[in-house]
Amino acid sequence: MKVLSIQSAVAHGHVGNSAAVFPLQRIGVEVVPVYTVNFSNHTGYGAWRGPLIPPADVAEILLGVEERGVFAQIDAVLSGYQGGVGIGDVIIDAVRRVKEANPDAVYACDPVMGNAKSGCFVAPEIPELLRDRVVPVADIITPNQFELGFLTGTEPASIESTLESADLARAMGPSTVLVTSVERPDRPEGTIEMLVVDGSGAWLVNTPHLPFKANGSGDVTAALFTAHYVTTEDAALSLERTASSVFDLIDLTYRSGQRELQLVPAQEFYATPRMQFSAEKVR
């Protein structure tokens, strides 16, 4: 399997491609990483150095990859945080060209906008870009509950309302919706959930909620789920594998006392998930 991953990169820590590439490689996926920024660290520190890579330069890199004949080999295109409208246009065009070269390729979009606690933390034009232009061309999207609500103009909370919102998102174009960080009011205390919906049904997985903000964990989640789903075409199994790996990654990081994801020490959790969580069919 080969994934074209168009995302940010940081020298210190693990977000964007600096979070997604190694776990994919560790499960046997060949990754073609194309960077949209090259920062010293993620922006959660409040200060960072390094350049945003101009969209025209990103497009040039993608063109060079295409000229090597690689687009026909791509099984999935993966994108995450988008810093501006220009890079969105580049990604949309790359997806079109990959699918022309390989009609079986899929596009997985993590529509990064923000979360319920902090609201939107992207440029004002990005949420509308994602909703109106990017999500409609995606095959898989991996929003959190807040982002799902924005995309669909709803306020998902219960399982029923989250399912309804996921159905609205699927009607926009994507066939598969993975909702991360589901926080329904009646969930078991001390837990958090993920929900996946595709044409064959809907499944929910419940894991302990750790009191820790792990920057980059969403990037790992989107990458692993995409790879497992494209490989197996089994939503429930892909959800279980992803939840198992990501929980153990976050748990290891939390217990380490470190701020950054312990991506390398957790590598066996990607290669051999413990499968300690079962997905419950909810539709």
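Residue indices begin at 1 and follow the sequence shown.
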Check [X] against [Y] and note the closest heavy-atom contact, atom names and distance.
X: Ala19; Y: Gly216; result: CB-O, 3.8 Å
X: Asn144; Y: Val179; result: C-CG1, 4.1 Å
X: Pro23; Y: Tyr270; result: CA-CD1, 3.7 Å
X: Tyr35; Y: Ile53; result: O-CD1, 3.4 Å
X: Ala108; Y: Thr226; result: CB-OG1, 3.3 Å
X: Val177; Y: Ala169; result: CG2-CB, 4.1 Å

State, yes or no, whether a side-chain contact exists between [X] and [Y] at a heavy-atom distance under 4.5 Å.
X: Leu62; Y: Asp93; result: no
X: Val134; Y: Leu129; result: yes
X: Pro265; Y: Leu252; result: yes
X: Thr272; Y: Glu268; result: yes
X: Ile74; Y: Val77; result: yes
X: Glu160; Y: Val282; result: no
X: His12; Y: His42; result: no
X: Met172; Y: Pro174; result: yes

List the steps, then state whether side chain to side chain contact (heavy atoms under 4.5 Å, CB included) holds for Ile91 with Gln82. CA-CA 9 Å; Ile91 291 170; Gln82 298 185 19; 3.7 Å; yes

Shared ILVMFWY cluster between [X] and [Y], side chains joined below 4.5 angstrom?
X: Ile192; Y: Val182; value: no
X: Val220; Y: Val29; value: yes
X: Leu249; Y: Val264; value: yes
X: Val21; Y: Val246; value: yes
X: Val37; Y: Val58; value: no

Between [atom1] on residue [X] and [atom2] on residue [Y], distance to nearest 0.5 Å:
X: Ile6; Y: Leu78; atom1: CD1; atom2: CG; result: 9.0 Å
X: Phe269; Y: Arg274; atom1: CZ; atom2: CZ; result: 6.0 Å
X: Leu195; Y: Thr180; atom1: CG; atom2: OG1; result: 10.5 Å
X: Ile250; Y: Ser217; atom1: CD1; atom2: OG; result: 4.0 Å
X: Asn215; Y: Arg259; atom1: CG; atom2: CZ; result: 6.5 Å
X: Met113; Y: Leu148; atom1: CE; atom2: CG; result: 9.0 Å

Donor-acceptor contact below 3.5 Å, side chain [X] vs main chain [Y]:
X: Arg68; Y: Val65; result: no
X: Asp219; Y: Val15; result: no
X: Thr176; Y: Asp198; result: no
X: Asn17; Y: Ser5; result: yes
X: Ser238; Y: Phe225; result: no
X: Ser18; Y: Val10; result: yes
X: Tyr229; Y: Leu237; result: no
X: Thr191; Y: Pro188; result: yes
X: Arg283; Y: Ala202; result: no
X: Asp75; Y: Lys2; result: yes

Do [X] and [Y] pair up side chain to side chain, a donor and an acceptor below 3.5 Å, judged on atom types alone?
X: Thr242; Y: Thr221; value: no
X: Ser181; Y: Gln145; value: no
X: Ser158; Y: Ser161; value: yes

[X] atom [atom1], over 12 foreign heavy atoms within 6.0 Å:
X: Gln276; atom1: CD; value: yes
X: Tyr45; atom1: OH; value: yes
X: Glu233; atom1: CD; value: no

Is there a side chain to side chain contact (heavy atoms under 4.5 Å, CB included) between Phe150 and Arg131? Walk through the geometry before answering. CA-CA 8 Å; Phe150 178 86; Arg131 180 191 62 202; 3.8 Å; yes

Starting from the C-alpha separation in whole Å, work towards a yes-or-no answer on side chain to side chain contact (heavy atoms under 4.5 Å, CB included) for Val137 and Arg133. CA-CA 7 Å; Val137 302; Arg133 298 185 54 208; over 6 Å; no

Does the pair Glu193/Arg187 count as a salt bridge with the N-to-O cut at 4.0 Å?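 Here Glu193 does not pair with Arg187 in a salt bridge, since their nearest N and O are not under 4.0 Å apart.
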
Carboxylate-amine/guanidinium contact Arg241 Asp234, below 4.0 Å: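 Looking at Arg241 and Asp234, the cut-off is not met.
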
Derivation and outcome, side chain to side chain contact (heavy atoms under 4.5 Å, CB included), residues Arg49 and Asn41: CA-CA 7 Å; Arg49 296 182 183 274; Asn41 51 271; over 6 Å; no

Aromatic rings Phe247 and Phe277: how do their planes relate, parallel, tilted or perpendicular, breaks at 30° and 60°?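 Taking Phe277 first and then Phe247, their aromatic rings stand perpendicular (interplane angle over 60°).
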
Passes salt bridge (charged side-chain N to carboxylate O under 4.0 Å, His left out), Arg255 versus Asp248? Steps please. CA-CA 10 Å; Arg255 289 188 285 108; Asp248 279 338; over 6 Å; no

